[in-house]
2 protein chains.
Amino acid sequence: MTDIANNNADYRLVYWPIPGRGEFIRLCLEHAGARWVDTPGGVDEVMGYVEGRAELGDDSPQPLFPPILRDEKEGVVLAQTAAILSYLAPKLGLDGEGAAAQAHVLQHALTGLDLNDEAHNTHHPIAAMLYYEDQKTEALRYAEVFRRERIPKFLNYLETNLARNTASNHTCLVGSSRTYADYVWWQVVDGLLFAFPKRMQTVLASYPHIKNFHQHIKADERIAAYLASERRLPYSDGVFRHYAELDAE
Amino acid sequence: MTDIANNNADYRLVYWPIPGRGEFIRLCLEHAGARWVDTPGGVDEVMGYVEGRAELGDDSPQPLFPPILRDEKEGVVLAQTAAILSYLAPKLGLDGEGAAAQAHVLQHALTGLDLNDEAHNTHHPIAAMLYYEDQKTEALRYAEVFRRERIPKFLNYLETNLARNTASNHTCLVGSSRTYADYVWWQVVDGLLFAFPKRMQTVLASYPHIKNFHQHIKADERIAAYLASERRLPYSDGVFRHYAELDAE
């Protein structure tokens, strides 16, 4: 939906031209068929926010990092992936029903985002601003623990909670319909399949609900169309990177 | 308020006996004078949740990590610091007014929690399960970047947004009254003052709003009483640790 002219878009995402943390938001906007644009000003636009040059209005804080969402109708500028997702959720039909379910959706999303952050740290354990090559020794050590302990620990959380949710026949995390938490976890599982293919093939054998969950969302008409489009950016220099030396069964 | 008998408490926090990530929740409960208990079953109770032995009811997911909150009236079991804070906020009078302000409160809280996580990584850059001594080389390298680049970057965010908020005379982050985001940032600033006293003395000279914000909250009647009580646990083996070798001006 990013070919909509700027002035007709309801939402403007501001993010780097990689999947990264923007991808969770893109998936939710695509799910709902929202009218949105993806950073029409490119990297300069992102830098405008990061460097404090962007117009924020009186009521929106200065963001620290992208992703940033502009709600064009409401004049709201908002940062932080989980805050953006939770703000968009009722507008996109992706929230839980009632305060407890909404809190559980946020719990699941934050847990998935923790795993996302740890996946990022496998190639940047010392500092995001340094090159991978300058922290490769530490990366090898971090990735070994990540593969052996952290991937199974987090995926066990996902499998357990999909198994517990009979209301959706184990296809969603909360209640009987999809929420933004499902898109967070879908993207993290998809990214791990790209970055750690050997390790993921090994562990997924123990997680039938996760395998089904991943396929189920991928087969959705709108999501399939998005994934086949140019709007879905290829994995490259973002959170999920494939370095053969960091993967193993 | 933790001396209330179990069966009269509205909220039960389940966390390790350290400040850590539980501290954000403790501060908010104390702010509101809530009836709450702090992990009456001790470490065994925490392990019960982590190992999947705790009673969750039908509608609450299995948590992955503490902190965990039980809303005893509603029968809700909830994990993830920011999800717990955002769930408690309307009940404790600590939320923003309206969807946009609520999202901004969550944005600020999540940004403060990011800094909290990076502070944790200064002594555990490779794996939380390994001893500090077994990752000290990496910790020295991580902490150097953290002190030089990350502390100023995040505190500049806090100072900028306190300066922008004239509605509260720069004492709160969103609107004219305190929210849980203020307690998140207060705790992170307080923890950094403990862990990196040299570095914090240097940088705070440039951040008058942060200095005032930290003192202002500390002087509140309820917060001062809490900080002077045994309920406020001393910094020890949690997120904020003072290792002289990791600090510098």
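Here is how names work: the chains are called A, B, and so on, in the same order as the sequence lines, proteins then strands, and each is numbered from 1.
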Out of A:Asp71, A:Leu130, A:Asp58, A:Val77, which one racks up the most heavy-atom pairs below 4.5 Å with chain B?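 Among A:Asp71, A:Leu130, A:Asp58, A:Val77, the one with the most close pairs to chain B is A:Val77.
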Chain B interface, residue from A:Leu110, A:Asn121, A:Val145, A:Val76 that has the most non-hydrogen pairs under 4.5 Å: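 The answer is A:Leu110.
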Distance from A:Ile68 atom CD1 to B:Gln107 atom CD, nearest 0.5 Å?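 The distance works out to 8.5 Å.
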Gap separating the CG atom of B:Asp114 from the CG atom of A:Leu64, nearest 0.5 angstrom: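 One finds 8.5 Å between CG of B:Asp114 and CG of A:Leu64.
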Measure centre to centre between the rings of A:Phe154 and B:Phe65, then say whether the value is under 6.0 Å.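 When the ring centroids of A:Phe154 and B:Phe65 are compared, they turn out to be within the sub-6.0 Å range.
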Looking only at heavy atoms and a cut-off of under 4.5 Å, which of [options] has the most pairs with chain A?
{"options": "B:Glu74, B:Gln102, B:Glu118, B:Lys153", "value": "B:Lys153"}
{"options": "B:Met129, B:Arg150, B:Gln135", "value": "B:Arg150"}
{"options": "B:Glu144, B:Glu149, B:Glu138, B:His108", "value": "B:Glu138"}

List for me each residue that meets ring pair (Phe, Tyr, Trp, His ring centres under 6.0 Å) alongside A:Tyr142, sequence neighbours excluded, and say none if there are none.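 Ring pair (Phe, Tyr, Trp, His ring centres under 6.0 Å) check on A:Tyr142 returns nothing, list empty.
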Give me the atom names and distance for the closest heavy-atom approach of A:Pro61 to B:His104.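 The pair with the smallest heavy-atom distance is CD-CD2, 3.2 Å.
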Those residues of [range], ordered by number, that approach chain B below 4.5 Å (heavy atom to heavy atom):
{"range": "residues 158-166 of chain A", "answer": "A:Thr160, A:Asn161, A:Arg164"}
{"range": "residues 81-100 of chain A", "answer": "A:Ala82, A:Ala83, A:Ser86, A:Tyr87, A:Ala99, A:Ala100"}
{"range": "residues 180-189 of chain A", "answer": "none"}

Are side-chain heavy atoms of B:Gln80 and A:Leu106 found at a separation under 4.5 Å?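 Contact flag for B:Gln80/A:Leu106 side chains = no.
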Can you tell me if A:Asp247 has over 12 outside heavy atoms packed within less than 6.0 Å of its CG?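 Buried by this count: over 12 neighbours within 6.0 Å.
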What part of B:Asn156 gets closer than 4.5 Å to chain A, counting heavy atoms only: side chain, backbone, both or neither?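 For B:Asn156, neither part sits under 4.5 Å from chain A.
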